[in-house]
Each structure stands twice: as structure tokens, then as C-alpha cells.
Protein chains: 2
Amino acid sequence: MATSSEAEAVLFDLVDLYDRAYQAAAAELSLSSAQACLLGRLDERRGMGALADELGCDASNITQIVVRLEALGLVTRERDPRDRRARLVARTPRGDEINRRFAAAFTFARTTVGRLSPHEQDQLTALLRKALG
Amino acid sequence: MATSSEAEAVLFDLVDLYDRAYQAAAAELSLSSAQACLLGRLDERRGMGALADELGCDASNITQIVVRLEALGLVTRERDPRDRRARLVARTPRGDEINRRFAAAFTFARTTVGRLSPHEQDQLTALLRKALG
DNA sequence: TATTGTTATACTCTATAACTATA
DNA sequence: TATAGTTATAGAGTATAACAATA
């Protein structure tokens, strides 16, 4: 591992725990992490290309995930009337419901931040913003 | 997304960037994240079950990853003389070399923490430790 | 009988390359 | 000709269930 300093080691633990909690919350709703993540990006409907950019992966990958979510009845894929090559992905009412339940199930970030006082939360935010450059 | 507060949103960004950087560093060495991660756990040789516990996944999964690392010449799998059911996984010299190069390539945590003063690094460590409970 | 690990199988994530439809 | 997305294909991660060898 590349974690020589204390701070680096704590960062590693944080990321590890965060990822596991995210996956566990998704699993409670029988979703993969990738499915839950994509579903969470659909507060506004979006094209496939935009989703690929946001999630940092190939468009063909997005197609696969969206096809599965569509089969589960959680999203729809409509032709964009202004550009008939494009497709707009949107959550169905059931997709909204599942997304809400995922947000409720993923307590890690809330719980973690909630252990700090408001002042400490501000400190943490400032430090991480500076660290992220 | 379940990130209502500022602090939660920054945590999300941090985890996202960390994961991407980890994967990119592994890819530089033609490894998957899981392979790089497992390789990093072998400073001491370990049994398959111990690895499964540490990585939080099924033993059959570890078998797959180890078989691939073995095929790449990065680890060996020897019978434990004290319990012939068990197998001890260890890095080869080439595995050591690749692991060093991965640690050098994964600069994210170092760079990120390095943007903070020593005092700020201590603050961050203390805040995250408290937050993680 | 219980434990360690493997094998068989199946599903998902992911990328690359070739393709279709539209612009 | 260029762009948005899909399809075909392949490699890897992951889990479950059934299995072998050893304790």
C-alpha cells in the first residue's frame, strides 16, 4: 500500500469503508454499485453520452447498465425529438422510489459526518477541499 | 445521491477521485484494482482465507485473483507444511518489483495530503478518526 | 464431522471494435 | 463525413453451490 503517513492511512480506511457501505446499501435493494450510482444521477433526464462522461466510462458500458435498469422497470429510454440519434434516460416512478430507498439505506456518509460537531464538519470540508486542490 | 451536506459532498468527491486514481495506477502496470490491492497485502505471506477476510469477499473469489497473479508470475502458492489443506500466498521477486512500482504510481493520497501543512495533516487525521468512530 | 480451498456456473462491470441510424 | 448509441465479444470481479483433501 502507498500509505506511509497517518493521514494517508486514514484516507485509505475511509475510502474502503465508504465503498463497502455503498455496495451494501445497493445490495439491500438488489442493485449493483454501478446501477445505484447511475440511478442517482437521473434527477434530471440525461443522454447516454452525458452519463458516460459523468461516470468516466465507455458509452457501451452505459448501454449495458441502462438496459438492465430498464428491464427492472427503473428507467425509461426515449428518443430525443430534437436529435433522433440521441436517447434520454429518465427514472420511472418506481426508479424514484428505489432511489429514495437507496439514499435512506446508504447511511455511511451521514453517520460519519454526524459524529463531528458543526464546526468540525466545516473544518473537515475546508481541509478536504484544500487537499483536493 | 445521499450527499445533503457540504461535508458529505466532499467525501463523495474524495472517494470517487481516490478510486479512479487507484484504478489508473493499477492499469499502468496492467493490473486490475483487485489484483493491485491483493498484491499490496502480501508484505507477509498469507493464507487464502485470511486474504478473503481482509478484502471482504468470498474465498472462491480470492482463488480466481490469485490464480491470475500466479499466471503473471507475481505470486506463488505453497502448501502450508503445518496444515496441508491451507496454502500460503507470497509475492515473487517480480511481484515485489511490480508492487513497488504500483506504490510509486499511486500518487493520489500522497499528493492530496501533501497539499496540507503538517498541522493540517494532523487535524485531518484527527477529524477522520473521530468521524470513523 | 468441520475446515481449507477449488471448481463449475452464472451474473455484472468494463473496454474495444464494428455497426446502424441520424445529423 | 461525423456523431450518438448499440451490438458482439472478451476478460475480469464477484457470489453460490457442490466438491476434494485434510484435520
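Letters A, B, ... are given to chains in the order of the sequence lines, protein chains preceding strands, and every chain is numbered from 1.
- Side-chain nitrogen and oxygen atoms of Arg82(B) include none within less than 4.0 Å of the OP1 or OP2 phosphate oxygen of dA23(D).
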Compile the donor-acceptor pairs under 3.5 Å between side chains in residues 23-37 of chain A and protein atoms, sequence neighbours left out, one pair per line.
unit_1, atom_1, unit_2, atom_2, d
Ser32(A), OG, Gln35(A), N, 3.1
Gln35(A), OE1, Ser32(A), N, 3.0

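- One atom, CD1 of Ile65(A), and another, P of dT6(D), lie 12 Å apart when rounded to the nearest Å.
- Across the protein-nucleic acid pair, Arg20(A) atom CZ and dG13(D) atom P stand 16 Å apart, rounded to whole Å.
- Remark: P of dT7(D) and CD of Glu70(A) are 10 Å apart, rounded to the nearest angstrom.
- Rounded to whole angstrom, the span from the CD atom of Glu78(A) across to the P atom of dT6(D) amounts to 13 Å.
- Residue Met48(B) contributes atom CE, which lies 15 Å from atom C1' of dT3(C) at whole-angstrom precision.
- Here the P atom of nucleotide dC13(C) and the CG atom of Asp19(A) are 15 Å apart, to the nearest Å.
- Of the candidates dT14(D), dA2(C), dG5(D), the closest approach to any side-chain atom of Ala34(B) belongs to dT14(D).
- Distance, Leu74(A) CG to dT12(C) P: 13 Å, rounded to whole Å.
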Ignoring hydrogens and angles, write down the donor-acceptor pairs under 3.5 Å from the side chains of residues 64-74 of chain B, residues two or more places apart or on other chains.
unit_1, atom_1, unit_2, atom_2, d
Glu70(B), OE1, Arg77(B), NE, 3.4
Glu70(B), OE1, Arg77(B), NH2, 2.9

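- Using a 4.5 Å heavy-atom threshold, the side chains of Val75(B) and Leu42(B) count as touching.
- Between Arg77(A) and dT6(D) there is a side-chain polar atom (N or O) within less than 4.0 angstrom of OP1 or OP2.
- Across all strands, Arg79(A) comes closer than 4.0 Å to no nucleic acid atom at all (heavy-atom distances).
- The nearest heavy atom of DNA chain D to Arg85(A) and to Ile62(A) marks one nucleotide each, and the one closer to the 5' end goes with Arg85(A).
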Under 4.0 Å protein heavy-atom contacts per nucleotide of nucleotides 15-20 of chain C, with B for base, S for backbone only and - for none: BB----

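- At the heavy-atom level, Asp83(B) lies under 4.0 Å from the strands shown only through sugar-phosphate atoms.
- The aromatic rings of Phe102(B) and Phe106(B) sit parallel to each other, their planes meeting at less than 30°, with 60° as the upper class boundary.
- Put simply, Leu88(A) and Leu39(A) are part of two different groups of oily side chains (I, L, V, M, F, W, Y) that touch within less than 4.5 Å, one to the next.
- Checking the phosphate oxygens (OP1, OP2) of dG13(D), a side-chain nitrogen or oxygen of Ser32(B) falls inside 4.0 Å.
- Using a 4.5 Å heavy-atom threshold, the side chains of Phe12(B) and Leu17(B) count as separate.
- Of the candidates dA23(C), dT22(D), dC13(C), dC13(C) carries the atom nearest the Arg68(A) side chain, counting heavy atoms from C-beta on.
- Residues Gln121(A) and Glu6(B) have side chains not in contact (no heavy-atom distance under 4.5 Å, counting atoms from C-beta outward).
- In this structure, Leu31(A) places its CG atom 18 Å from P of dT14(D), rounding to the nearest Å.
- For Thr63(B) and dG5(C), the shortest distance from a side-chain N or O to OP1 or OP2 is not below 4.0 Å.
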